[in-house]
Amino acid sequence: MLLGRVPAALAHAVLVRADPPDLCLLPGGESLPPDAPPCRAGVVLPEPPRVVHLVFSEPVQPIGPGLRIIGPDGRRADRGPVSVEGTEVHVAVDARSPGTYRAVWAVISQDTHPELGTMAFSVRRTGGIISEGAPPGGPTGAAGAFGTVLGVFAHALHFSGYALGFGAFSASWLLGQVRAAPPDAVWRMTGTGIALLLLAEPAAFAAESVALGAVGGGSDPAVIGAVLDSSFGRVLSQRLAGAILLWVLAGALRSGALRAAWTVPLLGVGLAFVDGQAAHATGVRPAWWGLGVNAVHLGAMGLWGGTLAFVLLSPGAWARRSGVRRFAVAAGAAAVATGIVMAAQHLTGLRDLVAGPYGRTLAVKIGAVALAAGLGWFGVRRQGRRGLIIWEAAAMLAVLLLAGLLVLLRPPVP
C-alpha cells in the first residue's frame, strides 16, 4: 500500500532556484503538478535567454546530458557542454524561436540519489502570442515508480544481508560462541548474508539506472559510465568490497583462524559508516555526528536482526537461553534510541508524521519496530517460544522493507 503511494521521482537534492524562473517551484523545494496551469507554458519572457541556470540545495553531478533544453519544434536548443559549479548547473541555449521550451535535468546528489525534473519557459512572439503546449521530455511516472520499487528491494536486500552476514556472526562472537567451534548455523547465516550483500548492489545499480532512464537516457553507455563514476558508484564499490572481504574472512575463519574473529565486527562497523554516505546522514551537521549515529543505528539493527535469525534458525538449546534473548532486546533498544535521534534530525515536529510520504512511512516503521520490540520482550518472559520468534522475525522483515523505502524519500529537513 505504501509503495503504491510513493511519488515517481524521489531525490534528496532540491532545486531551490532557476533562471529563467520556474513557476512550478514552491518554497521548501516542493513543486506544483506538471499539468498545473503555471507549469504548462512557464514564465513568458519578452527576450530569449542566453543561459538556463539551475541552483540545487547541495552539490550535484550531471548524468548523461545532465541538462537538456527542448525547443518548440521538439529539437535540442541547448548549445555547448553543461557546466557545474558545486550546487549550480547551467548551459547555453539558443531560444530565438518564439514558443515554449522545456528544460529537462538528470543529476545525482551527494547522498547518491538521482534528482530528475523539468520546467517550462516561453519566449513571446512579436505579436504577443506563444505556441500552444509544451513539448514532452520529462520523467515518466512508470519508470520512476518502478525504479522506486527496485530501490526498496535493493536496500532491503542490503539490510538483510548486513544483519545475517555481520549481525549473526558478531552477536555470536560477543556472546562467546565463536572462540572454539562456532555452530554450523553461524556459517550458514554468514554465507547467506554475503550472497544477499552481493545481490543487493546490482539491484541498486539497476534501480538507479531505471530512475535516470525516466528522462530518456538510462540505456546510454555514457549515462551508465557517469553513474558508476558518481557518488553512487563510489558507495556501490565500497559495499561490494566489504561483502567480498567478509567472504574472504569467513573462509579464513572457518579454516581455523578464529583468533581473527574480531575482524568481522570491525568490518561491519566500517560498512555501517559507508552506508551513511548513501543515507540522510550526509545532510546532518556536523557530518561526523550524522554518520556516527547512522552507523550505530545500522550496527544495532544488524545485531538485533542477526541474533533473532540465529535464535530462530539454530537447532541448539544455547540459542534460546534467556541471556541471548536479552542481548537481542538490548540491541533492539539501541536501534530504537538511535532511530529516535535520527528522526529528530529530519522532522520539524510530530505533524510531519502525517504530512508527507517520508513522515507517513516513518510512522508505519515506528509501529513495526514497536511490534517487533514488544514481541521480543514478551518472548524473553515466555522463554523464547518459537511462535513468538517467528512473528518477531516477520515484524523485523517489515522494518527492513520500510527502512529501504525511507532511505529513498526526501525528509522534511534535509
Query raised in the report: Measuring from Phe159:CZ to Leu397:CG, what's the distance to the nearest 0.5 Å?
Result: 13.0 Å

Query raised in the report: So, does Thr338 use its side chain to make a donor-acceptor pair with the main chain of Ala335 at under 3.5 Å?
Result: yes

Query raised in the report: If we ignore angles and hydrogens, is there a donor and acceptor under 3.5 Å between the side chains of Ser231 and Thr112?
Result: no

Query raised in the report: About how many Å separate CG of Leu245 and CG of Leu240, when rounded to the nearest 0.5 Å?
Result: 12.5 Å

Query raised in the report: How long is the span from the CG atom in Asp94 to the CD1 atom in Ile69, to the nearest 0.5 Å?
Result: 11.5 Å

Requested in this report: Evaluate the ring planes of His346 and Tyr358, with Trp represented by its six-membered ring, and classify them as parallel (under 30°), tilted (30 to 60°) or perpendicular (over 60°).
Outcome: perpendicular

Query raised in the report: How are the rings of Trp187 and Phe169 set relative to one another: parallel (under 30°), tilted (30 to 60°) or perpendicular (over 60°)?
Result: tilted

Query raised in the report: Under 3.5 Å, side chain of Ser237 to main-chain N/O of Arg234, donor-acceptor pair present?
Result: yes

Query raised in the report: Can you tell me if His297 uses its side chain to pair, donor with acceptor, with the backbone of Val293 under 3.5 Å?
Result: no

Query - Backbone N/O of Phe232 and side chain of Glu208: donor-acceptor pair under 3.5 Å - result: no

Query raised in the report: Do side-chain atoms of Asp352 reach the backbone of Thr348 as a donor and acceptor pair under 3.5 angstrom?
Result: yes

Query raised in the report: For Gly242 and Leu267, which heavy atoms make the closest approach, and how far apart are they?
Result: O-CD2, 3.6 Å

